[in-house]
Amino acid sequence: MDSPTEQRSGAGLPDARGHFGPYGGRFVSETLMYPLEELDAAYRRYRNDPAFLAELENDLTHFVGRPSPLYLAERWSRETGGARIWLKREDLNHTGAHKINNTVGQILLARRMGKTRIIAETGAGQHGVATATVAARQGLDCVVYMGAEDIQRQSPNVFRMRLLGAEVVAVESGSRTLKDALNEAMRDWVANVDDTFYVIGTVAGPAPYPEMVRDFQCVIGHEARRQMQERAGCLPDALVACVGGGSNAIGLFHPFLEDEGVALYGVEAAGDGIETGRHSAPLGAGRPGILHGNRTYLMEDDDGQIIETHSISAGLDYPGVGPEHAWLRDAGRATYVGVTDEQALAAFHHLCRTEGIIPALESAHALAYAGQLAAGMRPDQNIIVNLSGRGDKDIQTIAEREGITL
Amino acid sequence: MSRIAACMRVLRDAQRSALVPYVMAGDPGAEETVALMHAMVEAGANMIELGVPFSDPMADGPVIQKAAERALKGGMSLRGVIDIVHRFRRDDASTPVVLMGYLNPVERMGYDTFVTEAASAGVDGVLTVDLPPEEAESFTRLLREADIDPIFLLSPTTTSARMRAVCEAASGFVYYVSLKGVTGAASLDMDEVGERVRSIREITDLPVGVGFGISDAETASRMAMVADAVVVGSALVKRMQAHADNPARMRHEVSELLSQMRQAMDSHGGRYSSDAAPVGAPGG
Ligand SMILES: Cc1ncc(COP(=O)(O)O)c(C=O)c1O
């Protein structure tokens with residue numbers, strides 16, 4: 001388990017207490033310690049259980065529609081004149097994003113634990129929709145917490161959740177975005193621990209969530225690795241993914257951690273620009289602290305209060321980041337960069353017109369960086385970009401920004 | 001002996017329970033908080049829990065969340081809270097003060113700096129809601145070295161194995177959270193609370209405080225029959241928020257509720273001694 005490469009790459013992390021070096025852990029109030037221990041025990045029991053894995057595999061194949069294609073963006077690659085750019089098409093999953101890989105897994109676990117009520121937080125609404133979808137299919141009650149601000153800018157997803165039978169609760173506290181929705185979901189969980197399973201949507205939160213969500217998302221990287229070898233006969237030279245909490249990125253990166261020739265790039269939202277302070281880039285411009293049950297990089301003021309973040313994409317508008325990314329950053333195994341709203345928008349339009357794919361605004365951040373990266377590489381090199389979601393949910397935002405009424 | 005231990009011993013000898021009000025520091029302002037602390041002692045408070053405002057109070061209900069938002073808007077900070085204690089200590093050298101808050105502001109200030117400054121201001125205990133003993137080893141050591149009691153929570157979901165570990169890490173008193181929920185929630189099952197407090201006493205000799213959901217004199221009095229300390233928070237903060245623009249009135253409202261609680265708690269004479277009236281029976 002502890003080979004030298006594993007130690008360097010961190011592939012064997014977290015440790016038994018959920019720590020990735022100084023990051024991660026379980027920083028919650030006493031009432032949540034028992035449910036987290038219960039969840040941890042259940043996860044450890046079922047993660048290698050053949051019946052559980054068979055059911056998961058079956059759902060991923062027939063309900064989610066996996067494997068998702070690895071698509072060579074030929075026109076775009078030719079145009080940049082550099083590396084070949086491949087898109088891992090998580091946008092083609094049922095419900096339109098990578099989020100469902102994780103919700104399918106967690107809700108199967110919830111059912112085995114005998115929980116009858118599902119709660120979740122959501123930012124862009126993609127995780128909320130994925131959770132509502134799987135809860136509907138499993139016949140479980142579902143409550144989704146969503147910041148009042150996000151409800152405004154992602155209204156189609158709110159309606160989708162309601163169509164699926166979920167109750168969507170508007171969170172009016174704090175900055176009325178994703179972080180406040182997470183606080184509210186935690187409060188619900190504290191009050192309803194006996195029958196309720198909290199499905200966290202990214203690789204943040206207290207242990208075991210960062211590890212468990214990662215494991216469920218690793219299907220992305222495992223597939224991409226196999227597909228790349230089949231199609232190009234080699235491993236990719238670089239992987240690029242956007243980082244909100246970091247689940248689509250870690251899902252792609254993790255199966256490649258020990259392949260030292262594969263460069264990893266996480267793309268944070270630089271919003272109006274890092275120098276303006278209006279961004280969501282804790283790895284690029286924050287510092288370590290404690291939020292939502294784990295130690296990680298945060299956006300905070302001098303008093304340790306969490307500050308408001310900004311990004312055009314609701315799914316990246318979060319002041320923290322998964323603890324494993326904090327570890328990978330410090331270890332130098334992955335590189336984290338920022339892409340502004342403007343750059344993401346340009347990449348959004350470019351992919352629409354060049355490849356006939358409307359990407360999510362979150363994913364457009366990864367696309368923007370991949371374009372720059374590819375231009376500086378050789379045509380015989382390969383980049384895989386995680387196209388984490390489709391952009392239908394964002395057309396309202398784009399239209400408004402461009403002064404168009406739909 | 002720490003101020004908390006001394007306070008609890010005197011009360012135990014007199015068969016009384018401590019009345020422990022919780023208020024948010026800096027709500028509505030630092031000046032008002034200091035005055036309020038003195039008024040609360042006058043009204044019968046034996047120890048004070050001072051809330052340290054945090055932007056993301058995950059374990060608090062809407063009443064305390066709003067108080068934290070008001071305090072932060074008014075410019076309150078962890079340093080500001082320590083300064084409040086410093087000012088309170090000029091006129092009160094005996095009432096213990098416990099800071100209750102979240103870890104990140106402490107992490108940002110730096111553990112050593114925080115402990116040094118809190119100790120020199122006269123802070124007696126620190127309860128960090130999102131820091132379970134598992135993650136608290138070095139912080140607990142620093143606090144102990146500075147004669148500050150690390151206070152930890154026990155909850156209805158705490159297993160007996162954890163209970164032992166938590167009590168070993170704690171000093172001063174342990175704080176039993178009397179319901180599954182956030183601060184300010186409503187329903188309390190008195191029988192269950194009594195049962196749990198008895199099982200905590202089998203594990204530890206530390207005094208046991210009970211809090212969360214105690215909103216009136218009757219509940220306070222029934223809690224006093226089983227617990228060494230009765231913590232009341234949201235009920236006070238709620239009264240305060242209605243009078244934020246009138247500090248004198250605010251102090252009066254808070255003092256009134258505390259006096260009622262104090263009276264009810266003292267009137268049933270005698271406390272949890274082994275054959276006290278069963279909890280749940282009308283008390284006091
Ligand atoms: C399409 C899409 N990509 C990315 C994200 C960001 O989350 P994460 O960093 O966990 O992948 C979201 C979150 O809502 C999303 O909807």
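Letters go in sequence order (proteins before strands), and every chain restarts at 1.
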Where on A:L298 is there a heavy atom nearer than 4.5 Å to chain B: the side chain, the backbone, both, or neither? side chain
Under a 4.5 Å heavy-atom cut-off, does chain A meet the side chain of B:M76, its backbone, both or neither? backbone
Quick one: do A:S280 and A:E268 satisfy side-chain hydrogen bond (donor to acceptor under 3.5 Å, both in side chains)? Show the steps, please. CA-CA 7 Å; A:S280 304; A:E268 295 189 299; over 6 Å; no
May I ask you to check whether A:H292 and A:Y209 place their ring centers less than 6.0 Å from one another? no
Can you see which heavy atom on A:G246 is nearest to which on A:H325, and at what distance? O-NE2, 2.9 Å
Kindly say whether the aromatic ring centers of A:Y297 and A:Y23 come within a distance under 6.0 Å. yes
List in chain and number order the residues that pass side-chain hydrogen bond (donor to acceptor under 3.5 Å, both in side chains) with A:R112, two or more places apart in sequence or in another chain; answer none if no residue qualifies. A:E55
Does B:T158 use its side chain to pair, donor to acceptor, with the backbone of B:L154 at less than 3.5 Å? no
Chain A heavy atoms under 4.5 Å from B:V166: which part of the residue, side chain, backbone, both or neither? side chain
Nearest heavy-atom approach of A:T122 to A:A181 is O-CB, 4.2 Å
Check whether A:E172 gets within reach of chain B through its side chain, its backbone, both or neither, counting any heavy atom under 4.5 Å. neither
Toward chain B, the part of A:R287 with a non-hydrogen atom under 4.5 Å: side chain
Heavy-atom pairs under 4.5 Å with chain A: which of B:E69, B:R79, B:K66, B:M109 has the most? B:E69
Highest number of heavy-atom pairs under 4.5 Å with chain B among A:D180, A:D301, A:T31 belongs to A:T31
Can A:K179 and A:E184 be counted as an ion pair, charged N to O under 4.0 angstrom? no
Side chain, backbone, both or neither of B:L72 within contact of chain A (heavy atoms, under 4.5 Å): side chain
Relative to chain A, which segment of B:E107 carries a heavy atom at a distance below 4.5 Å: side chain, backbone, both, or neither? side chain
May I ask you to name which of B:A136, B:P53, B:P156, B:G181 has the most heavy-atom pairs under 4.5 Å with chain A? B:G181
Bottom line for B:S77: the part with an atom under 4.5 Å from chain A's heavy atoms is both
Is it the side chain or the backbone of A:I307 that comes within 4.5 Å of chain B heavy atoms, both, or neither? neither
